[in-house]
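Okay, structure first, notes after.
Here is the naming used below: chain letters follow the sequence lines, and residue numbers restart at 1 for every chain.
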2 protein chains.
Amino acid sequence: MNRVIEDYLKTIYDIHATEGKVTTTAIAQRLKIAPASVTGMLKKLARMNLVQYEKYQGVRLTSAGEQIALEVIRHHRLIELFLAQALNVPWDQVHEEAEKWEHVLSEEMEDRIDRWLGSPKTDPHGAPIPDKNGHIEEPPKVRLCEVVPVSRVVVAEVSDHDPELLRYLGKLNVYPGTSLEVVQVEPFDRSMEVRIGEQIRVLSALVTRCIWVTDVQALDA
Amino acid sequence: MNRVIEDYLKTIYDIHATEGKVTTTAIAQRLKIAPASVTGMLKKLARMNLVQYEKYQGVRLTSAGEQIALEVIRHHRLIELFLAQALNVPWDQVHEEAEKWEHVLSEEMEDRIDRWLGSPKTDPHGAPIPDKNGHIEEPPKVRLCEVVPVSRVVVAEVSDHDPELLRYLGKLNVYPGTSLEVVQVEPFDRSMEVRIGEQIRVLSALVTRCIWVTDVQALDA
DNA sequence: AATATAATTTAGGACAACCTAAATATTTTC
DNA sequence: GAAAATATTTAGGTTGTCCTAAATTATATT
């Protein structure tokens, strides 16, 4: 399996997980490739039995395709955590590195890194790491922007794509495991007043969309 | 700079260092590519001012080409040592991994690994690691097969290409830094009787060709 | 020095992954 | 439900890296 195909499969998996339906255009945008090129590649992936593809209807991974996608995602997330722990790479940088390393990691090194880390369950952004058999545990979680005040929540995962966002969250002390209190929401722009430790902060909807939380508990103010 | 070009430049550097003249065929053999394809690529590299190329006359790196080659080699050797030290990867496996990782290592990670290792001077096989400016310190050394008995020598470097050879040398306890005594050479096949610690072993010419030594001291038996 | 052998290059082509522009299908809007 | 807007596919083309077979040049042999 080469880099290009791995990237397509991983992207399809990711869009499916976050957006639902996987369209040609969505893939094209993420991979920064013209839609016409994506169509061609989807036909090839279908021929290889890695996706189910019907013209104009979007695309779905077959179990073979999903298997490969999960392997790449496992690589990605193990590498992210390894870089963070072994080399102290800040959490806003690990994603970009892992994007490249994931494609050159042998099974042998995957195992060694996994052992070195003690078979971790999540990466530095809180995303679950699939096991060797491609089994992934996705605990139920909602976007912070969906939570209604007044509630207490625990951060489960944050989006890893934008380094700036991650540096901002780091400054706010928002990490997986951090407990937050949603104080109130401004209806106009859906910005959110949130208590983080002792601080009260206002987070824009752009930010609250990128934070997934669990253990939502309604509080009576 | 992409993978392919980096591999060509690195290979040219390597052939120059070990064999002297760099021919089309030699490159083709190492890269497992047809000679005709190499000719085409050499023209391209010449257009890019990375090599000096004259038909039928072989090829030489320009300083720009050498710079890139040394960067890749630095990556390669840092990665080899890092894998060996951080993840305990045995020395016969690190080369194959590094062949892939060297092309995806960012400057930032290169620096972090270098710092983690304490700016090492040599890789697990004894090969010198170029510094960030592309300066490489090649101490004078000769192949073990060139040494005349009776001499004491110190192993400087061993070939890293063949995992089987490395496992064999490991079993014999021959590592960079190991001291050896050349007892005698059989003229027929140039096999060599060598003292390693307490043991006396006979090494074939195939093996003694792959071991470079320094500090050759004649002994009067 | 002529010839045989080996190395190298030229010519022409394959293939993967991308592109743009034009055509067609689907979805949205009125 | 027709028209407009959007999404998708088709057609044709480009680029990079490789290939084989044939032609050429260099080297070795007698």
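In this view, A:Ser119 and A:Asp114 satisfy the side chain to side chain donor-acceptor pair (under 3.5 Å) rule, not counting sequence neighbours. Residues forming a ring pair (Phe, Tyr, Trp, His ring centres under 6.0 Å) with B:Phe82 (at least two apart in sequence, or on another chain): B:Trp116. For B:Asp111, the side chain to side chain donor-acceptor pair (under 3.5 Å) criterion is met by B:Lys132, not counting sequence neighbours. In this view, B:Thr122 satisfies the side chain to side chain donor-acceptor pair (under 3.5 Å) rule with no residue, not counting sequence neighbours. Here B:Trp101 pairs with A:Trp101 under the ring pair (Phe, Tyr, Trp, His ring centres under 6.0 Å) rule; sequence neighbours left out.
Between B:Arg3 atom CZ and C:dA17 atom C1' there is a gap of 18 Å when expressed in whole angstrom units. Distance B:Leu45 CG to D:dG16 P: 13 Å, rounded to the nearest Å. Rounded to an integer number of Å, the gap from NZ of B:Lys43 to P of D:dT15 is 18 Å. In this entry the distance linking CG of B:Asp7 with C1' of D:dG16 reads 15 Å, nearest Å.
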If you restrict it to nitrogen or oxygen atoms, what contacts under 3.5 Å exist between nucleotides 19-22 of chain D and the protein, and what is each distance?
from: D:dC19; atom 1: OP2; to: B:Ala34; atom 2: N; distance (Å): 2.8
from: D:dC19; atom 1: OP2; to: B:Ser37; atom 2: OG; distance (Å): 2.8

Where do N or O atoms of nucleotides 25-27 of chain D meet protein N or O atoms at under 3.5 Å, pair by pair?
from: D:dT25; atom 1: O4'; to: B:Tyr56; atom 2: OH; distance (Å): 3.4

Using a cutoff of under 3.5 Å, can you pull out all pairs of nitrogen or oxygen atoms linking the protein to nucleotides 13-16 of chain C, with atom names and distances?
none

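Between the B:Arg167 side chain and the B:Asp92 main chain, no donor and acceptor come within less than 3.5 Å of each other.
With salt bridges taken as basic N to acidic carboxylate O contacts below 4.0 Å, none links A:Lys121 and A:Glu137. Look at A:Glu108 and A:Arg112 and you find a salt bridge, because one of the NZ, NE, NH1 or NH2 atoms lies within 4.0 Å of a carboxylate O, short of that distance.
Between B:Thr62 and B:Gln52, the side chains place no donor N or O within less than 3.5 Å of an acceptor N or O (distance only, hydrogens not considered).
For residues 53-76 of chain B, the pairs satisfying ring-ring contact (aromatic ring centres under 6.0 Å, His included) are B:His76-B:His95, with sequence neighbours left out.
Put simply, the residue from A:Leu70, A:Val51, A:Val72, A:Val4 that forms a side-chain contact (heavy atoms from CB on, under 4.5 Å) with A:Leu9 is A:Val51.
A:Thr24 comes within 4.0 angstrom of sugar-phosphate atoms only, judged by non-hydrogen atoms across all strands, and of no base.
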Listing, residues 10-23 of chain B side-chain donor-acceptor contacts under 3.5 Å, not counting sequence neighbours, or none:
from: B:Lys10; atom 1: NZ; to: B:Glu99; atom 2: OE1; distance (Å): 3.3
from: B:Lys10; atom 1: NZ; to: B:Glu99; atom 2: OE2; distance (Å): 2.8
from: B:Lys10; atom 1: NZ; to: B:Glu102; atom 2: OE2; distance (Å): 2.9
from: B:Thr11; atom 1: OG1; to: B:Asp7; atom 2: O; distance (Å): 2.6
from: B:Asp14; atom 1: OD2; to: B:Arg30; atom 2: NH1; distance (Å): 2.7
from: B:His16; atom 1: ND1; to: B:Gly20; atom 2: O; distance (Å): 3.3
from: B:Thr18; atom 1: OG1; to: B:Asp14; atom 2: O; distance (Å): 3.0
from: B:Thr18; atom 1: OG1; to: B:Arg30; atom 2: NH2; distance (Å): 3.3
from: B:Glu19; atom 1: OE1; to: B:Arg30; atom 2: NH2; distance (Å): 3.2
from: B:Thr23; atom 1: OG1; to: B:Ala26; atom 2: N; distance (Å): 3.1

Side-chain donor/acceptor pairs under 3.5 Å, residues 124-131 of chain A, sequence neighbours excluded:
from: A:His125; atom 1: ND1; to: A:Glu80; atom 2: OE1; distance (Å): 3.1
from: A:His125; atom 1: NE2; to: A:Trp91; atom 2: O; distance (Å): 3.0
from: A:Asp131; atom 1: OD1; to: A:Asn133; atom 2: N; distance (Å): 2.8
from: A:Asp131; atom 1: OD1; to: A:Gly134; atom 2: N; distance (Å): 3.1
from: A:Asp131; atom 1: OD1; to: A:His135; atom 2: N; distance (Å): 2.9

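A heavy atom closer than 4.0 Å to some atom of DNA chain D occurs in no member of residues 12-20 of chain B.
Between B:Thr23 and the phosphate of C:dA7, there is no side-chain N or O to OP1/OP2 separation shorter than 4.0 Å.
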